[in-house]
**Student:** 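The structure's right below; bear with me while I get my questions together.
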Amino acid sequence: MDTQTVLSKPHAGTIGHAALEVGAWLVALSSAAISFAIVGIHGFGGAMDISRYGELTQIQRDGGFNSSFAVPGLLAFFALAVAGVLIPPKKLTQLKESVRSQLLTLFAAATACVSVVVVFIPTFWLTLIVAALLGMLVGVLAAHAPELHTKPWRTGGLAVGIFLLVTYYFELEHGVPAGAHALRWLLFVGAILLIVAALMVLVFPLSSDRDIDDLHTFPHTLAIKRSRGHMSIAFPWACYALFAVLGALFLLPLPATVDGGYGQGAIGLMTAAVLLGWAAGYESGPTFAPGMTRPRLTAFALVAAGLLMICAGLIDELSGKAVLMALTAFCVGVGVRAQKYEFSRRVGLAVGALLATLLCGLDLTFDIHLSAVTTWVLSASGVAFSAIGLLAFATGILAIFFFSPMGVRGMGVDLMNAFQVSGDSSPRATAPAFAVAEDQETRVLPAATTSADEPQDAGANYLAVPEPVTPSTGLFIAIEGGDGAGKTTQIRKLVEHLESRGFDPVIATREPGGTPVGKSIRSVLLDGEAVSKKSEALLYAADRAHHVATLVAPSLEQDGAVVTDRYIDSSLAYQAGGRELSEDDVLALSRWATSGLVPNLTLVLDIDPRVAAERMGNREDANHLDKQSLEFKDRVRAGFLRLAEAEPDRYAVIPAGRSVNEVAEHIQRVVDAIIDGEESADVADTFEPIAPRGVFVGVPTERMSPEDAQKAVDEHRYAESPQFLTEPIKADGAEDADSAASAESTEDTENAATTVLPQRPKAEGAPKPGGPTRAQAEPETPETQEKPTDTAEPDPETYRAKLQRQSMIEQQARQRLRDARRNS
Ligand SMILES: Nc1ncnc2c1ncn2[C@@H]1O[C@H](COP(=O)(O)OP(=O)(O)O)[C@@H](O)[C@H]1O
Ligand SMILES: Cc1cn([C@H]2C[C@H](O)[C@@H](COP(=O)(O)OP(=O)(O)O)O2)c(=O)[nH]c1=O
């Protein structure tokens, strides 16, 4: 499915922000190039003669360019530019949103005004003022709406595109030297863009519920390569090294253009290559080399980045240099995104760029005689490239051994399995059918804190934390979001939609309180006095363990769809994000509790907590957790968004401030893409599609006669269900007694029917759900009449035997359908 189809119309404030970024990139590129040129030719005090711009490239080629001035000048420009960027974002986020908007407008207008002066009076000192203002602007911009600036290569790419277009136009029209004139034009265009964008930001402040869905990668398909589990890294120093490489890559195009005697377009070309490589690496990071331990992938990425950068320094030819720079940036992207790392990108970038400037300033050049006729001339920038590459390479080698909690173990395993999914290329093999009874000897999956193939330290007191695994039968969807985001409302709609897509049963459930045991836990958590942080985390995990073992996993085993209102992410967002427990501990607890089961898709309903609070004002049954502070809720919201950002393939962020129907439509599009994407030919070979009921693997609905489909459904239907599957989960707040009493009321009928919609036939004597469900309205099949539903809680042994029988029936049904298809 095309990502674009789910994008909503961007808000004018959002466009303003994007335009500010593009303007800032343009001004940064062109003013840095102008500043570098002025100092290199006229020294610190001089001003560039506008009429001599055309001679810039020639002067540089002829050696009339003094690097010992130009490089310190660049250093000063750079230092001022980063000064603003290094303002701690916390200081800025403490300011009111309106104050930040005004600051943005102020800095953007000031940068634009000084830039216009530079266009006509190009002096070094004025460019320094531009740098300082630009730094302030970018600092505020990043802190103002961080979620709008997560992928800077988009706006950077646009700016570089404009840069290339204008420069190449001048070069083609008037010859290569004329490209230098383009720099002034570009600075002018950047300034105008900044002014327009600043006005937009001021006039259209960002709405309280920002449209950010277009900022998250859309989960196209479930054929996701599952990468090795994440590991906890307290200080991700290898990521700083990778970002230092990136910082150098952004800075070096300037001196490299002079050293190579290229036209000014080369600055744009090299920057474009870096942006492109970085973007590609960043997007593929989470699933690149899925069989490799994630921190080790980061280490290898650093080694590769180092080697490629050395080569980029050695090669003098522009296109080769650009390609090598792109590949280096790709490694940076992959490495920093291999898993979730917390580190300051700004610091990494600044250190790298600083190092690159200093190395260029040393003005070292080497002639390396390869043979009698071939000599490698290493310019100052080439030396800087190669030296930084060498440093990165050495750091990467250290990282291979030390940048992971388990030291030097398992490198061979990592290398052998790097491009396989957990040692098996078939995703199905990594996602066995998910049948978990609580006492079951689980496929004790390897601990997330160690590699899949390595046993844990014998003496270590770890919890046996399984790797995350998505179910291979059924469809498991979690709906997450703050209180009042509209989860309950949307689940009702989603249940209807999934039924219309042929899923049967469709179970809507929730945490805490999705099972009878869970209800007791829920009332301890929500209705009694507040419990301590850790016991709260344990109680949520306890509820989850029982929920998965007794309701979620068995329903998925039946190929049903399970939609849960909250799951592990709620614990991460509330207990870790909100209550500030360790995220690793909370995650480990839930992974252990659920034997690693993760949803096929997690929908994060994102809403400003203030808007949600207004909605909740209309809800009478608010519990004590609903009354938490806005600051807490902001942290929870940020927690959800961070989780979604870290695993874009398995998450979709849905802006939930819109109308019920708009949100529902958005959700349906996402879910449909997941269901339909599964059936696409390219994944059919390796991945079993999520098939609606009666539409088994590889058998599209249209090709089955209704009779065949019905027969398959009947055979597939699990006749004997444990009690929890037949008993409805009560709607919010309803007590057992009054649920029975109000079962006849139409209102409750709707609540109960939308809370659990088991499509299996009900046995006589089984507890009656709060109203006639569709299953009851349907005529019962003879088969189900013969096998009444157990009303007692099944013992695990019997239950496992039932699951095995169920699985056998399924296999036979599938085989029969395949045979029938072959024969026809
Ligand atoms: N899109 C929406 N627009 C306006 N109000 C909504 C929307 N979705 C839900 N609501 C209302 O907001 C309140 C909270 O919704 P609910 O679905 O219970 O949220 P949650 O389950 O996330 O706490 C309810 O009163 C509901 O009617
Ligand atoms: C599942 C889960 C919920 N919670 C909290 C979030 C909610 O405030 C509360 C569940 O209340 P609930 O009423 O089910 O949520 P909502 O108001 O969104 O319908 O429990 C956690 O703190 N950790 C968890 O793991």
Side-chain angles (χ1 to χ4, degrees), residues 4 7-28 30-31 84-85 87 89 91-119 129-130 132-152 154-159 161-162 186-216 606-612 614 630 634 637-638 641 653 655-659 662:
Q4 297 305 318
L7 302 187
S8 52
K9 219 171 114 220
H11 181 268
T14 314
I15 299 175
H17 267 257
L20 265 187
E21 267 193 62
V22 178
W25 272 95
L26 261 184
V27 170
S30 46
S31 61
V85 176
I87 302 172
K91 287 227 154 64
L92 293 166
T93 43
Q94 277 163 4
L95 298 173
K96 279 207 309 212
E97 191 155 325
S98 56
V99 175
R100 286 199 305 263
S101 289
Q102 285 159 10
L103 277 180
L104 276 181
T105 312
L106 186 77
F107 286 130
T111 314
C113 291
V114 185
S115 298
V116 172
V117 179
V118 173
V119 171
I129 298 177
V130 172
L133 290 169
L134 201 60
M136 299 290 183
L137 171 65
V138 176
V140 182
L141 197 60
H144 187 47
E147 70 273 22
L148 293 180
H149 310 290
T150 50
K151 299 184 177 179
R154 303 193 217 192
T155 44
L158 200 60
I162 298 173
L186 284 163
L187 186 57
F188 191 69
V189 172
I192 300 295
L193 202 57
L194 279 187
I195 288 180
V196 174
L199 288 176
M200 281 180 83
V201 168
L202 194 68
V203 178
F204 306 105
L206 289 172
S207 66
S208 54
D209 182 32
R210 292 175 193 129
D211 255 344
I212 57 169
D213 51 343
D214 58 333
L215 294 158
H216 295 273
D606 180 55
I607 192 164
D608 187 322
R610 291 143 200 89
V611 179
E614 265 170 43
L630 273 177
D634 277 333
R637 181 189 192 195
L641 291 176
V653 178
R658 292 174 289 182
S659 75
E662 278 174 307

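All residue numbers refer to positions in the sequence shown, counting from 1.
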**Student:** Just to verify, what does Ser659 make a side-chain hydrogen bond (donor to acceptor under 3.5 Å, both in side chains) with, not counting sequence neighbours?
**Tutor:** Glu662
**Student:** To the nearest 0.5 angstrom, please state how far the CG atom of Leu106 sits from the OG atom of Ser101.
**Tutor:** 12.0 Å
**Student:** Report the C-alpha distance between His144 and His17 in whole Å, list the side-chain angles of each, state the deciding distance to 0.1 Å, and finish with yes or no for side chain to side chain contact (heavy atoms under 4.5 Å, CB included).
**Tutor:** CA-CA 10 Å; His144 187 47; His17 267 257; 3.1 Å; yes
**Student:** How about Asp606 and Pro655: do any of their side-chain heavy atoms sit closer than 4.5 Å?
**Tutor:** no
**Student:** What are the two closest non-hydrogen atoms of Leu20 and Ala108, and how far apart are they?
**Tutor:** CD2-CB, 3.7 Å
**Student:** Are Ile607 and Arg637 side-chain neighbours, meaning at least one heavy-atom pair lies under 4.5 Å?
**Tutor:** no
**Student:** In Å, rounded to the nearest 0.5 Å, how long is the span from CZ of Phe188 to OG of Ser115?
**Tutor:** 10.5 Å
**Student:** Can you tell me how far CG of Leu193 sits from CG of Leu186, rounded to the nearest 0.5 angstrom?
**Tutor:** 11.5 Å
**Student:** Working to the nearest 0.5 Å, report the span between CD of Glu614 and CG of Asp608.
**Tutor:** 9.0 Å
**Student:** Does Leu137 reach the side chain of Leu194, with side-chain heavy atoms less than 4.5 Å apart?
**Tutor:** yes
**Student:** Is the closest side-chain heavy-atom distance between Arg610 and Asp634 below 4.5 Å?
**Tutor:** yes
**Student:** Of the non-hydrogen atoms in Ala159 and Val22, which two are nearest, and what is the gap between them?
**Tutor:** CB-O, 3.7 Å
**Student:** Which heavy atom in Leu95 sits nearest to a heavy atom in Arg100, and how many Å separate them?
**Tutor:** O-NH1, 2.9 Å
**Student:** Measuring from Thr14:OG1 to Phe204:CZ, what's the distance to the nearest 0.5 Å?
**Tutor:** 11.5 Å
**Student:** Taking all atoms of both residues into account, what is the closest heavy-atom pair of Ser31 and Leu187, and its distance?
**Tutor:** CB-CD1, 3.9 Å
**Student:** Which heavy atom of Val138 sits nearest a heavy atom of Ala24, and at what distance?
**Tutor:** CG2-CB, 4.3 Å
**Student:** Where do Leu199 and Val196 land on the side chain to side chain contact (heavy atoms under 4.5 Å, CB included) test, with the steps shown first?
**Tutor:** CA-CA 5 Å; Leu199 288 176; Val196 174; 6.0 Å; no
**Student:** Indicate the atoms forming the closest heavy-atom contact of Thr155 with Glu21, along with that distance.
**Tutor:** OG1-OE1, 2.6 Å
**Student:** Measuring from atom CG of Leu104 to atom CE of Met200, what distance do you get when rounded to the nearest 0.5 angstrom?
**Tutor:** 13.5 Å
